[in-house]
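Okay, structure first, notes after.
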Amino acid sequence: MTSSLTRRHFLKAGLGVAGVLAAPGLMANAMTGGCNAASGRPYGVQMYMLRDMFAKDPAGTIKKLAAAGFKQLEMFGVGGSVNAEGAPLFGLSIDDMADLMAEYKLTVPSVHINSDLEDIEYIKELGSKLNIDYFIEPMAGEFLNFKDGKVNLNTPSSVDEVKAIAARLNKRGQTMKDLGFKFAYHNHNFEFDKVDGQVIFDIMMENTDPELVKIELDLGWVAAAGHDPVAMLNKYKGRVIGCHMKDYDGSVPLSDDPRMIIPEMSRISTPGDGKSDFAAIVKHLNENNVKYRYVEVDVTDTPFEDAVRGLCHLSALG
């Protein structure tokens, strides 16, 4: 993301080294670009993390991710994306993408979709040909304020404003159900701010139908909001269908990098590089059969290396 975006562009728009070393073969595989994750749960990667690499060479990027041991891809940018013109497929046709998924034995369980639903036919074709389970809203457009060509985060000023967002999410969930798909919402840290003494995310979830609006819990943003990821997973147990597997270290200085619209992005890192307890997180996900787990770091200069290192760390946990 950047700090200078138009409303049109935006709305068109988740064991440290010692643990890896202790796992037989993981470090050796990591040094050659992958992990031996075949015996564990399948892990995926959020393609926003690899947006520049993917835009330049979609087929080559997919091949490298499969070789590294990833089993799932989560696409982004249905309806358009900030800072990544050409998303979600960057020149590939849907049929091309489906062929690549079959060739490399990958799946696309979910995809991020912007706040508009403008091209229903494209959504239907994409979902059916890629066997997508969930369409996920990564950020409610209502949380953004546009002025003088720039975008800023906008915290609702009343409970009623948050309830209006929830009502829209319910409608979107019903639309997706009618199309034969499922729907979920992805959090950042600011949804855990309070309005009128109530937590915004709690208001959103209490006022949406749990059968229509599931949760993709971004663990890094939960930690950035000052909450324990495992405690939040327990709070919404049964409603969380997937996670963005991000680590967080609050001691890292905040950055003035213009790519970081949310200052705490500088503190987000790949699993194993921060201070979150991923052993406890993975244990919870396994026990509660949370299927979708995507490595992601929003802004990094070494996205592929970070993605593989995160995969190795998670694979070492079993």
Side-chain angles (χ1 to χ4, degrees), residues 14-20 22-23 26 35 37 39-46 49 71-72 74 109-110 134 136 138-139 184-194 198-206 208 210 213-252 262 264-298 306-307 309-318:
L15 204 65
V17 173
V20 174
L26 283 178
C35 292
S39 62
R41 297 286 183 117
Y43 284 95
V45 62
Q46 219 302 334
M49 180 178 184
K71 301 300 181 184
Q72 301 169 342
E74 182 176 59
S110 57
Y134 278 89
I136 297 171
M139 181 191 294
Y185 185 81
H186 163 277
N187 65 281
H188 289 78
N189 57 337
F190 49 81
E191 286 99 340
F192 296 95
D193 291 344
K194 290 184 178 181
Q198 299 182 53
V199 175
I200 292 170
F201 195 70
D202 289 345
I203 301 169
M204 292 173 66
M205 293 303 107
E206 288 166 5
T208 47
V213 183
K214 300 295 186 181
I215 298 171
E216 180 180 61
L217 199 66
D218 190 305
L219 304 177
W221 288 122
V222 167
H227 297 286
D228 175 18
V230 175
M232 197 60 63
L233 284 165
N234 276 310
K235 180 174 182 176
Y236 287 106
K237 183 165 59 176
R239 197 166 179 179
V240 175
I241 54 85
C243 292
H244 279 190
M245 310 294 280
K246 295 177 181 173
D247 216 332
Y248 182 79
D249 184 349
S251 68
V252 174
I262 304 172
E264 289 81 5
M265 279 182 176
S266 61
R267 296 172 171 172
I268 296 289
S269 61
T270 199
D273 284 2
K275 296 185 176 180
S276 294
D277 185 354
F278 273 92
I281 288 169
V282 169
K283 182 175 184 290
H284 175 98
L285 299 183
N286 289 345
E287 289 176 349
N288 291 278
N289 196 32
V290 178
K291 294 191 295 182
Y292 306 138
R293 311 169 187 194
Y294 304 110
V295 176
E296 185 191 23
V297 180
D298 302 82
D306 288 1
R309 192 168 63 257
L311 174 65
C312 292
H313 178 74
L314 294 168
S315 298
L317 297 177

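The first residue of the sequence shown is numbered 1, and numbering continues consecutively from there.
Residues M245 and E296 fail the side-chain proximity criterion, which asks for heavy atoms closer than 4.5 Å. L219 places none of its side-chain heavy atoms less than 4.5 Å from the side chain of K246. Using a 4.5 Å heavy-atom threshold, the side chains of M205 and R239 count as touching. V290 is not listed as a side-chain neighbour of I241, based on a closest heavy-atom distance of 4.5 Å or more. Residues L317 and F278 meet the side-chain proximity criterion, which asks for heavy atoms closer than 4.5 Å. For the pair R41 and N286, the minimum side-chain heavy-atom distance is below 4.5 Å.
Summarising the geometry of V222 relative to N187, their closest heavy-atom pair is CG2-ND2, 3.8 Å, with the distance given to 0.1 Å. Contact record, S251 with K275: OG-NZ, 3.8 Å, taken as the closest heavy-atom pair. Closest approach of P271 and V295 over heavy atoms only: CD-CG1, 4.1 Å. Nearest heavy-atom pair across L217 and V240 is CB-CG1, 4.2 Å.
With sequence neighbours excluded, no residue forms a salt bridge (Lys or Arg N to Asp or Glu O under 4.0 Å) with K194. Partners of R267 under the side chain to side chain contact (heavy atoms under 4.5 Å, CB included) rule, at least two apart in sequence or in another chain, are Y248, V252, L254. A search for side chain to side chain contact (heavy atoms under 4.5 Å, CB included) contacts involving K237 returns N234, H284, N288, not counting sequence neighbours. Remark: D193 engages no residue in a salt bridge (Lys or Arg N to Asp or Glu O under 4.0 Å) (not counting sequence neighbours). Residues meeting the salt bridge (Lys or Arg N to Asp or Glu O under 4.0 Å) test with K235, sequence neighbours left out: D202. Every residue was checked against the ring-ring contact (aromatic ring centres under 6.0 Å, His included) condition with Y134, not counting sequence neighbours, and none meets it. D277 is linked by a salt bridge (Lys or Arg N to Asp or Glu O under 4.0 Å) to nothing, counting only residues two or more places apart in sequence or in another chain. Checked against side-chain hydrogen bond (donor to acceptor under 3.5 Å, both in side chains), D247 has the following partners two or more places apart in sequence or in another chain: S276. Checked against ring-ring contact (aromatic ring centres under 6.0 Å, His included), F190 has the following partners two or more places apart in sequence or in another chain: F143, H188. Legend: residues meeting ring-ring contact (aromatic ring centres under 6.0 Å, His included) with F201, ordered by chain and number and at least two apart, are F192, Y236. Applying the side chain to side chain contact (heavy atoms under 4.5 Å, CB included) criterion to N189, with sequence neighbours excluded, gives W221, A224, A225, I262, E264. Partners of S110 by side-chain hydrogen bond (donor to acceptor under 3.5 Å, both in side chains), not counting sequence neighbours, listed by chain and number: E74, Y294.
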Trace of the side-chain contact (heavy atoms from CB on, under 4.5 Å) decision for V282 with R293: CA-CA 10 Å; V282 169; R293 311 169 187 194; 4.3 Å; yes
Stepwise side-chain contact (heavy atoms from CB on, under 4.5 Å) test for Y185 and E216: CA-CA 6 Å; Y185 185 81; E216 180 180 61; over 6 Å; no
Under the side-chain contact (heavy atoms from CB on, under 4.5 Å) criterion, do Q72 and Y43 qualify, and how do the steps go? CA-CA 6 Å; Q72 301 169 342; Y43 284 95; over 6 Å; no
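Remark: I200 CD1 to E191 CD distance equals 7.5 Å, nearest 0.5 Å. Summarising the geometry, atom CG belonging to D249 is positioned 10.5 Å from atom CD1 belonging to I268; distances are rounded to the nearest 0.5 Å. One finds the CE atom of M232 at 12.0 Å from the CG atom of D218 (value rounded to the nearest 0.5 Å).
Between the side chains of R309 and S269, no donor-acceptor pair is found at a separation under 3.5 Å.
No side-chain donor-acceptor contact under 3.5 Å links T208 to the backbone of V213.
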